Chemist: 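One structure follows; several queries about it will come next.
This is a predicted model, so every value here is computed, not measured. Just so we're on the same page: letters track the sequence lines, and every chain starts at 1.
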Amino acid sequence: MSGEEKWTRAEMLAVAGSLQVVDGDVTVVGLGLPQIAALLAQRTHAPTVRLLLEIGVFEPVPAEPAMGIADPRMWKDATAFASTLEVLGVMVHGGRVSLGLLGALQVDQWGSLNTTEVEAPDGSRRRFRGSGGSNDISSNASRTVVIMTHQSRKFSEALTFLTSPGRRIKEQTRATVGLPSQGPCAVVTDRAVIALTDAGAVLESVHPGEQPDTVLADTPIPLNVPAGGPKETPAPTATQLALIRTELDPNNWYTS
Amino acid sequence: MSGEEKWTRAEMLAVAGSLQVVDGDVTVVGLGLPQIAALLAQRTHAPTVRLLLEIGVFEPVPAEPAMGIADPRMWKDATAFASTLEVLGVMVHGGRVSLGLLGALQVDQWGSLNTTEVEAPDGSRRRFRGSGGSNDISSNASRTVVIMTHQSRKFSEALTFLTSPGRRIKEQTRATVGLPSQGPCAVVTDRAVIALTDAGAVLESVHPGEQPDTVLADTPIPLNVPAGGPKETPAPTATQLALIRTELDPNNWYTS
Amino acid sequence: MAAMAATAARPDRVVSLREIVADIPDGSHLALAGFAITRNAVAFAHELIRAGTRGLTVTQVFGGFETDLLAAAGAMDCLTYASGSIDRFGLLYAVNRAVLDGSLALSEYSGLALALRLHAGALGLPFVTTRSMLGSDLVAPLVATGQAAEIESPFDGAPCLALPPLHPDIAVVHVDVADRAGNAMVGGPVWSIPETARASRMVDLVAEEIVEVGELDPSRITIPGLLVHAVARVPHGGHPTAVYGHYDFDAAHLRQYAAASNAGGDALDAYLDRFVRGVATFDEYLEEVAP
Amino acid sequence: MAAMAATAARPDRVVSLREIVADIPDGSHLALAGFAITRNAVAFAHELIRAGTRGLTVTQVFGGFETDLLAAAGAMDCLTYASGSIDRFGLLYAVNRAVLDGSLALSEYSGLALALRLHAGALGLPFVTTRSMLGSDLVAPLVATGQAAEIESPFDGAPCLALPPLHPDIAVVHVDVADRAGNAMVGGPVWSIPETARASRMVDLVAEEIVEVGELDPSRITIPGLLVHAVARVPHGGHPTAVYGHYDFDAAHLRQYAAASNAGGDALDAYLDRFVRGVATFDEYLEEVAP
């Protein structure tokens with residue numbers, strides 16, 4: 001527990017992530033905490049957010065916790081069932097998605113993501129999920145937000161594998177590479193909100209109870225600090241916490 | 001009436017056209033007489049012919065006469081309703097169609113078709129339907145058969161407009177142009193059956209009552225005659241005629 | 001910050017046909033989705049003609065009655081299509097006449113090629129490739145106007161035709177039923193309706209019937225409401241063309257129109273005056289054709 | 001020549017699951033269509049493992065339980081995918097282990113890029129283009145192996161990625177219901193099922209239920225029977241994954257499998273011996289998991 005022990009770090013992360021959703025956003029949601037953040041936004045400040053799942057689901061309004069985007073509980077009250085070509089193609093590649101919410105194993109200062117493979121200090125490799133729609137969403141959505149826990153090893157100037165492109169890709173601009181949108185605009189962790197800009201990453205806010213210096217020390221990428229220091233992220237409200245605990249994740253699958 | 005006045009020319013055409021269908025063919029059918037020929041084959045010697053309509057219809061078994069492929073009567077008992085991309089794309093362009101049955105305004109000795117525009121001797125132009133799926137079918141089906149009435153002006157070594165490619169296209173082979181299949185294999189008219197081969201067009205058979213010389217004179221394209229002369233096309237059977245008159249075209253929309 | 005129940009805030013996209021037409025400026029690039037004598041957006045075409053909208057570019061894979069009506073009224077400057085007819089009732093006489101007299105600029109494709117351009121537009125693909133049209137006279141005018149390019153496959157060097165994506169401004173589709181949020185269902189074959197709607201920057205629907213959100217089977221949605229700008233209810237709005245599962249085409253009326261369109265001039269003007277310009281609404285037209 | 005009534009001669013494509021598996025030689029290129037914990041062709045994977053089929057290449061846009069099972073049994077030499085997991089239950093541990101120890105060659109794409117390769121295969125397109133994957137580390141290994149090419153649009157010079165069509169030998173899809181001629185319906189979202197089936201040279205189906213031709217709504221057909229080689233009925237054949245509208249996933253069994261797959265070695269062998277190799281049919285497996 002953090003923040004005077006009133007919420008878990010993962011709850012804080014879900015809340016801070018949800019605040020990145022603007023009402024009216026057309027949003028593709030990745031597996032895990034992005035689901036909880038999107039549903040929390042849908043149930044609070046962004047009732048008209050339009051959710052899309054790459055499995056081929058339009059505008060679901062899930063009422064029960066789900067084990068992932070392949071869990072039919074996540075498809076509840078969808079307006080249309082369709083295909084991956086329809087969601088990742090027509091909606092994402094077609095430029096109709098305003099926000100992607102993605103998880104990551106590793107992120108660089110431009111918001112490029114690794115969801116494929118990491119290397120331990122001893123040189124051994126671990127493999128994860130791969131791209132799925134993550135690359136398509138990072139490449140094509142108007143903006144994307146990365147939602148992940150904050151550990152030093154997850155921030156790197158040299159990703160083990162660049163699965164999904166950020167605002168710059170190996171010193172190239174997105175336009176040079178041929179990508180249409182601005183790309184990632186924030187990394188939200190369980191300790192801070194890092195804004196991504198064309199001038200680099202900025203420590204926008206730290207969560208209640210966090211010290212900016214400690215966060216900076218645990219974020220080994222070039223990270224700017226605004227004049228006057230980072231703000232404090234708004235604390236979760238009782239309503240948000242109640243929603244997470246009683247409806248969105250009562251079994252603590254995501255927010256323990 | 002021809003053939004001892006027992007059948008109309010259009011009936012003979014429908015019958016001769018139907019004989020080009022082999023049982024088991026996957027067949028895309030164009031508007032007009034090709035419909036009647038295909039349905040006649042389905043109701044006689046080719047009961048397992050699989051019909052497809054470019055409007056997005058799989059395996060219909062029409063029981064009533066239809067005014068074209070956009071007439072819902074033509075879609076009866078279909079196994080699947082789908083899209084043009086599914087029929088002209090997956091089935092035709094994907095190489096899964098063994099036979100296309102097409103109409104034409106004008107044909108050359110290689111089976112290239114004009115369904116777009118013709119020029120009268122006075123230089124005035126008349127415009128028709130355009131390609132629709134005709135070009136796609138001629139370009140991609142394993143074989144195609146042209147079904148049309150036999151008038152001298154419909155045969156030309158120099159088409160006013162080459163809508164759909166034949167076995168050779170302006171002296172180029174299909175392979176050179178980039179087309180996958182052999183292309184048109186026959187032109188069936190209300191007077192004769194002309195086989196199309198890589199060595200040129202051959203007057204394979206003339207219909208009962210037709211004189212080979214007259215047919216040749218009315219077919220102003222290079223046309224080979226087999227040693228021993230053309231065969232006689234089998235005459236319509238009573239069964240075929242009864243089917244056309246009582247079920248397939250009782251209103252004489254196509255076979256008057 | 002109040003919590004909300006797990007029920008959706010769904011937008012209401014229902015408007016009148018007149019509002020749909022009022023949002024279409026002169027010179028717009030329309031995508032139509034009828035096919036010969038089936039599922040034409042006839043009520044929409046009537047309203048557009050009454051509004052006096054001019055200078056339209058129309059893209060439609062398979063032209064039909066609605067296309068010829070717009071040509072007859074002189075509403076169209078440019079047409080992109082793969083073919084057109086009113087099936088056995090006749091050709092698109094008004095379209096063909098306008099092409100020949102130079103008042104209508106025509107771009108012609110094969111059915112698949114034009115469907116693929118719309119499909120590429122729908123998916124946001126940089127371009128799409130095909131073997132269709134290779135060697136035909138369809139290619140040269142398209143290449144000359146930047147609508148196609150002859151290239152080789154980077155994988156095996158095979159010749160192929162590249163086609164750029166197509167993005168009409170506004171698609172107008174006649175559907176069986178839509179819910180109030182615009183999720184719409186088309187019964188029977190759908191020809192090029194899916195990619196025509198998805199390629200367009202805006203989608204308007206005319207529906208035989210409108211129901212509440214949640215009443216339609218999500219597995220039967222042909223056009224997701226998320227892509228839809230507005231939907232208007234016009235029962236029988238496809239007359240005289242057929243709408244599968246709802247009504248047959250009106251053969252007598254199609255014959256009457258085909259004769260007028262083929263004749264052109266005063267005969268066609270008389271048709272338009274009586275059935276389109278001379279009525280205030282589509283309901284009045286329906287009374288005129290079947291009093 | 002006798003005339004026939006206007007009723008169709010429809011083929012009967014119903015066979016047993018064992019016959020489907022017997023037709024799949026070692027070294028085949030299979031296309032699978034499950035997604036994580038939903039609609040996996042588990043009965044098929046079991047039968048394939050019991051048949052001892054080896055050296056398979058598998059293409060699957062989103063890997064899942066079935067994919068890991070084939071890796072666990074050592075049936076696969078090559079895998080082409082965009083991602084894989086068993087959702088919150090875990091990763092494709094057996095797949096990942098085989099990739100790291102070099103016994104499984106992996107080609108990786110983005111979800112859209114691989115779906116587009118299958119889509120191009122389905123439509124017979126010379127190649128397809130996308131902006132996805134540009135700039136990422138996914139590109140270089142694909143370019144090096146002829147699976148992608150960096151090109152420019154012939155229309156505006158924009159950089160894009162060209163991808164060749166993909167044609168697996170045999171697709172195996174678990175469907176809700178098929179008729180005896182193989183016309184099949186999938187309820188709920190269909191992810192990459194349509195293009196996975198259409199890209200493949202042959203399509204086999206496993207169906208929860210089989211009905212007579214004519215009983216299904218032609219507007220609800222996900223895979224036309226014309227593309228289908230054979231269909232076998234195996235109720236509950238997706239267990240322990242979910243089949244929408246039929247049954248939920250079996251969380252306890254997925255946890256049990258995930259633990260065994262993560263542990264590997266004897267634990268995974270014990271799982272396979274008990275639930276796959278140690279039973280003669282899928283019905284026996286179903287009794288073993290829910291006696």
Chemist: Does any backbone or side-chain atom of F35(C) lie under 4.5 Å from a heavy atom of chain B? Answer side chain, backbone, both or neither.
Modeler: both
Chemist: Is there a side-chain contact between T84(B) and I193(C) (heavy atoms, below 4.5 Å)?
Modeler: no
Chemist: Between S83(B) and chain C, with a heavy-atom cut-off of 4.5 Å, which part of the residue counts as in contact: side chain, backbone, both or neither?
Modeler: both
Chemist: Evaluate whether atom CD of E171(B) has more than 12 neighbouring non-hydrogen atoms of other residues, nucleotides or ligands under 6.0 angstrom away.
Modeler: no
Chemist: Go through G84(C), G63(C), A115(C) and name the one with the most non-hydrogen pairs under 4.5 angstrom from chain B.
Modeler: G84(C)
Chemist: Find out whether E117(B) and V99(C) are in side-chain contact, i.e. whether some heavy atom of one side chain is under 4.5 Å from a heavy atom of the other.
Modeler: no
Chemist: Within residues 149-161 of chain C, which residues come under 4.5 Å of chain B, heavy atom to heavy atom?
Modeler: P159(C)
Chemist: Tell me, do Y109(C) and N135(B) make a side-chain contact under 4.5 Å, heavy atoms counted?
Modeler: no
Chemist: Let me know if L53(B) has heavy atoms under 4.5 Å from chain C in its side chain, its backbone, both or neither.
Modeler: neither
Chemist: Spell out the residues in residues 245-265 of chain C that have some non-hydrogen atom less than 4.5 Å away from a non-hydrogen atom of chain B, in order of number; otherwise answer 'none'.
Modeler: D248(C), F249(C), R255(C)
Chemist: What part of D71(B) is in contact with chain C, defined as an atom under 4.5 angstrom from a non-hydrogen atom: side chain, backbone, both or neither?
Modeler: both
Chemist: Describe, in one word, how the ring planes of W75(B) and Y244(C) are oriented to each other, choosing from parallel (under 30°), tilted (30 to 60°) and perpendicular (over 60°).
Modeler: tilted
Chemist: So F62(C) and I55(B), side chain to side chain contact (heavy atoms under 4.5 Å, CB included) or not? Walk me through it.
Modeler: CA-CA 9 Å; F62(C) 305 101; I55(B) 198 167; over 6 Å; no
Chemist: Measure D136(B) against the heavy atoms of chain C and call it side chain, backbone, both or neither at under 4.5 Å.
Modeler: both
Chemist: At a heavy-atom separation under 4.5 Å, does R174(B) approach chain C through its side chain, its backbone, both, or neither?
Modeler: neither
Chemist: Chain B heavy atoms under 4.5 Å from L114(C): which part of the residue, side chain, backbone, both or neither?
Modeler: neither
Chemist: For chain B, find its close neighbours in residues 87-98 of chain C: heavy-atom separation under 4.5 Å, sorted by number, or none.
Modeler: D87(C), R88(C), F89(C), G90(C), L91(C), N96(C)
Chemist: Output the residues of residues 126-142 of chain C for which the shortest heavy-atom distance to chain B is under 4.5 Å, in residue-number order; output 'none' if no such residue exists.
Modeler: T130(C), R131(C), S132(C), M133(C), L134(C), G135(C), S136(C), D137(C), L138(C)
Chemist: So, do S83(C) and S131(B) sit near enough that their side-chain heavy atoms are less than 4.5 Å apart?
Modeler: no
Chemist: Using non-hydrogen atoms only, which part of T116(B) is less than 4.5 Å away from chain C: side chain, backbone, both, or neither?
Modeler: side chain
